K.L.:
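One structure follows; several queries about it will come next.
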Amino acid sequence: MPLVTSTEMFKKAYEGGYAIGAFNVNNMEIIQGITEAAKECKSPVILQVSKGARAYANRTYLVKLVEAAEIETGLPIVLHLDHGDSFETCKSCIDDGFTSVMIDASSKPFEENIAITKQVVEYAHAHGVVVEAELGTLAGVEDEVNVSAEDSSYTRPEDVQEFVNRTGCDSLAIAIGTSHGAYKFKPGTKPQLRFDILEEVQKRLPGFPIVLHGSSSVPQDYVQMVNTYGGHMPDAIGVPEDQLREASKLAVCKINIDSDLRLAMTGTIRKYFHDHPGDFDPRQYLKPARANIKELVKHKIVDVLGSDNKI
Ligand code: G3H
Ligand code: 13P
Ligand code: ZN
């Protein structure tokens with residue numbers, strides 16, 4: 001099966017009360033870990049590439065690696081641009097074979113967000129590609145953009161119908177209390193996503209797929225592993241997984257996870273070097289990192305997203 005768009009995936013996910021995991025990819029081992037997990041769990045999956053990842057790997061490698069994963073696994077895979085910052089970036093990904101793009105003009109004024117999203121939608125739809133847009137702003141760091149907690153803002157439900165109708169976007173990312181990166185909430189606090197906003201958005205856009213960014217849960221065993229073996233991650237907790245499961249049963253059809261994969265990979269490699277100080281063959285330390293990414297993604301698919309056994 002060639003790479004697919006998310007249209008059918010989201011329709012089934014919405015109706016079935018589960019969500020599709022959208023995992024960020026930067027290299028071969030990450031792509032293999034995620035797709036091997038998805039294959040074992042019989043789960044559809046979205047592999048997403050940020051502008052930074054594309055700059056790191058160059059514009060060809062990640063597309064070809066994702067195509068290789070599709071050939072190896074036979075899975076329905078969406079290749080998605082994460083946080084496209086301009087029409088040009090989105091166009092370039094569409095021209096390269098991405099099946100889905102995000103245009104993130106959420107930091108721009110409402111009318112400007114609509115205008116740029118509409119421009120991307122017109123080009124994307126003419127090429128059989130779907131578009132995710134965003135309303136509301138998340139706190140945290142993505143690429144060079146760092147949004148402080150004070151500058152972040154929840155999505156206003158009263159804006160969503162007009163935005164979707166005027167832009168023609170295929171899915172909408174909303175801000176309900178998640179944030180990017182590994183430092184989301186202080187330990188000892190009780191994070192609570194704004195389900196009232198999600199429910200209000202769902203009422204105004206029945207059947208329309210909603211996206212949650214910043215949905216890592218920051219597994220404490222990996223934070224500890226990083227710190228035990230020489231790292232210095234400040235104490236922090238992530239989005240509670242039971243709240244993500246709850247959101248998946250509502251209109252949320254796509255859940256973005258990057259930081260958790262980074263923690264699993266980095267913790268594993270730090271421990272490996274502590275245990276094997278003399279090794280210098282990259283395959284030896286990338287192999288357990290890949291295996292732990294696979295286990296983590298299996299856990300997300302089965303226990304958080306509910307997308308197992310859906311193909
Ligand atoms: O939301 C952003 C993702 O975590 C990607 O991060 O821009 O550092 O690749 P990146
Ligand atoms: P996390 O930093 O919580 O993993 O969020 C990733 C994300 O939203 C990618 O777009
Ligand atoms: Zn994001």
Side-chain angles (χ1 to χ4, degrees), residues 3-7 10 20 22-27 30-31 45-67 69 77-147 151-152 163-164 166-175 179-181 209 211-215 254 256-259 261-262:
L3 298 175
V4 296
T5 73
S6 48
T7 308
F10 287 169
I20 312 293
F23 301 99
N24 286 73
V25 300
N26 297 284
N27 66 16
I30 297 173
I31 292 171
V45 71
I46 298 172
L47 300 180
Q48 54 187 15
V49 173
S50 69
K51 193 176 169 220
R54 200 162 174 252
Y56 168 75
N58 102 10
R59 61 187 285 177
T60 310
Y61 280 93
L62 292 175
V63 174
K64 295 298 168 195
L65 285 167
V66 170
E67 285 173 0
I77 297 177
V78 175
L79 174 56
H80 174 75
L81 167 67
D82 190 27
H83 294 285
D85 61 341
S86 65
F87 172 78
E88 288 70 30
T89 305
C90 293
K91 177 181 182 301
S92 159
C93 288
I94 292 165
D95 295 346
D96 278 356
F98 282 54
T99 53
S100 173
V101 293
M102 176 190 193
I103 174 68
D104 181 359
S106 58
S107 59
K108 306 244 188 314
F110 188 66
E111 286 298 327
E112 225 178 296
N113 189 353
I114 288 183
I116 179 172
T117 301
K118 207 166 162 227
Q119 190 191 8
V120 172
V121 167
E122 273 162 21
Y123 189 80
H125 285 183
H127 292 80
V129 169
V130 291
V131 179
E132 172 186 328
E134 179 167 331
L135 257 186
T137 39
L138 274 71
V141 187
E142 68 212 29
D143 276 335
E144 310 88 50
V145 185
N146 187 348
V147 181
D151 290 336
S152 65
F163 184 85
V164 168
R166 285 179 60 196
T167 61
C169 66
D170 303 280
S171 61
L172 184 68
I174 62 170
S179 58
H180 289 109
V211 179
L212 275 194
H213 282 248
S215 296
K254 173 173 180 274
N256 285 13
I257 298 172
D258 185 6
S259 299
L261 304 181
R262 295 179 180 194

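All of these numbers come straight from a predicted model, not from anything done at the bench.
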K.L.:
Regarding Arg54 and Ser92, is there a side-chain donor-to-acceptor distance under 3.5 Å anywhere?
P.N.:
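Yes.
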K.L.:
What's the spacing between Asn256 CG and Asp258 CG if we round to 0.5 Å?
P.N.:
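With rounding to 0.5 Å, CG (Asn256) is 9.0 Å from CG (Asp258).
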K.L.:
Shortest non-hydrogen contact from Gly136 to Ala175?
P.N.:
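Looking at all heavy atoms of both residues, the shortest contact is C-CB, 4.1 Å.
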K.L.:
Let me confirm one number: the CG-CZ distance from Asn26 to Arg262, rounded to the nearest 0.5 Å.
P.N.:
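Asn26 CG to Arg262 CZ: 6.5 Å, rounded to 0.5 Å.
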K.L.:
Any chance you could measure Ile174, atom CD1, to Leu138, atom CG, to the nearest 0.5 Å?
P.N.:
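The CG atom of Leu138 is 10.0 Å from CD1 of Ile174, to the nearest 0.5 Å.
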K.L.:
Show me the side-chain donor-acceptor pairs of residues 123-130 shorter than 3.5 Å, one per line, residues at least two apart or across chains.
P.N.:
{"from": "Tyr123", "atom 1": "OH", "to": "Asp95", "atom 2": "OD1", "distance (Å)": "2.6"}
{"from": "His125", "atom 1": "NE2", "to": "Asp170", "atom 2": "OD1", "distance (Å)": "3.3"}
{"from": "His125", "atom 1": "NE2", "to": "Asp170", "atom 2": "OD2", "distance (Å)": "2.7"}
{"from": "His127", "atom 1": "ND1", "to": "Tyr123", "atom 2": "O", "distance (Å)": "2.7"}

K.L.:
Output, in order, the C-alpha distance, side-chain angles, deciding distance and verdict of side-chain contact (heavy atoms from CB on, under 4.5 Å) for Gln48 and Met102.
P.N.:
CA-CA 10 Å; Gln48 54 187 15; Met102 176 190 193; over 6 Å; no
K.L.:
So, taking the atom named CD in Glu132 and the one named OG in Ser6, what distance separates them when rounded to the nearest 0.5 Å?
P.N.:
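Atom-to-atom, Glu132:CD and Ser6:OG are 8.0 Å apart.
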K.L.:
Under the salt bridge (Lys or Arg N to Asp or Glu O under 4.0 Å) test, which residues partner Glu88, sequence neighbours left out?
P.N.:
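By the salt bridge (Lys or Arg N to Asp or Glu O under 4.0 Å) rule, Glu88 matches no residue at all.
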K.L.:
Could you check whether any side-chain heavy atom of Asp82 comes within less than 4.5 Å of a side-chain heavy atom of His213, counting everything from C-beta outward?
P.N.:
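Yes, their side chains come closer than 4.5 Å.
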K.L.:
With sequence neighbours excluded, tell me which residues meet salt bridge (Lys or Arg N to Asp or Glu O under 4.0 Å) with Arg59.
P.N.:
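If we apply the salt bridge (Lys or Arg N to Asp or Glu O under 4.0 Å) test to Arg59, skipping adjacent residues, the hits are Asp96.
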K.L.:
With sequence neighbours excluded, what pairs up with Lys64 under the salt bridge (Lys or Arg N to Asp or Glu O under 4.0 Å) test?
P.N.:
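Partners of Lys64 by the salt bridge (Lys or Arg N to Asp or Glu O under 4.0 Å) criterion, ordered by chain and then number, come out as Glu67.
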K.L.:
What's the separation between atom CD in Glu112 and atom OG in Ser106, rounded to the nearest 0.5 Å?
P.N.:
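With rounding to 0.5 Å, CD (Glu112) is 12.0 Å from OG (Ser106).
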K.L.:
Is the shortest heavy-atom distance from the side chain of Ile31 to the side chain of Leu62 under 4.5 Å?
P.N.:
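The answer is yes; the side chains approach within 4.5 Å.
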K.L.:
Step by step, work out the side-chain contact (heavy atoms from CB on, under 4.5 Å) result for Ile30 and Asn27.
P.N.:
CA-CA 6 Å; Ile30 297 173; Asn27 66 16; 3.1 Å; yes
K.L.:
Under 30°, 30 to 60°, or over 60°: which ring-plane class applies to His83 and His180, parallel, tilted or perpendicular?
P.N.:
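Correct class here is perpendicular.
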K.L.:
By salt bridge (Lys or Arg N to Asp or Glu O under 4.0 Å), which residues pair with Glu122, not counting sequence neighbours?
P.N.:
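Here no residue qualifies.
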K.L.:
Evaluate side-chain contact (heavy atoms from CB on, under 4.5 Å) for Ile77 paired with Leu47, printing each intermediate quantity in order.
P.N.:
CA-CA 7 Å; Ile77 297 177; Leu47 300 180; 3.9 Å; yes
K.L.:
List the atom of Cys90, the atom of Gly84, and the distance in Å for their closest heavy-atom pair.
P.N.:
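In this case the closest contact between Cys90 and Gly84 is SG-CA, 4.4 Å.
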K.L.:
For Val121 versus Gly168, what's the shortest heavy-atom pair and its separation?
P.N.:
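Of all heavy-atom pairs spanning Val121 and Gly168, the closest is CG1-O, 3.7 Å.
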K.L.:
For Thr99, enumerate each residue passing the side chain to side chain contact (heavy atoms under 4.5 Å, CB included) test, keeping only those at least two apart in sequence or located in another chain.
P.N.:
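For Thr99 the side chain to side chain contact (heavy atoms under 4.5 Å, CB included) partners, ignoring immediate neighbours, are Leu3, Thr5, Val78, Leu79.
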K.L.:
At their closest point, which heavy atom of Ile20 faces which heavy atom of Ile46, and how far apart are they?
P.N.:
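Result for this residue pair: CG2-CG1, 3.8 Å.
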K.L.:
Distance from Leu135 atom CG to Phe163 atom CZ, nearest 0.5 Å?
P.N.:
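One finds 4.5 Å between CG of Leu135 and CZ of Phe163.
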K.L.:
Should the heavy atoms of other residues, nucleotides or ligands under 6.0 Å from CZ of Phe110 be counted, would the total exceed 12?
P.N.:
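Yes.
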K.L.:
Between Ile116 and Ser86, which heavy-atom pair has the shortest distance, and what is it?
P.N.:
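Heavy atoms of Ile116 and Ser86 come nearest at CD1-CA, 4.2 Å.
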K.L.:
Identify whether the distance between the nearest side-chain nitrogen and carboxylate oxygen of Lys108 and Glu134 falls below 4.0 Å.
P.N.:
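Here Lys108 does not pair with Glu134 in a salt bridge, since their nearest N and O are not under 4.0 Å apart.
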K.L.:
Please report the shortest heavy-atom distance between Ile257 and Ser215, naming the atom on each side.
P.N.:
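That closest heavy-atom pairing would be CG1-O, 4.0 Å.
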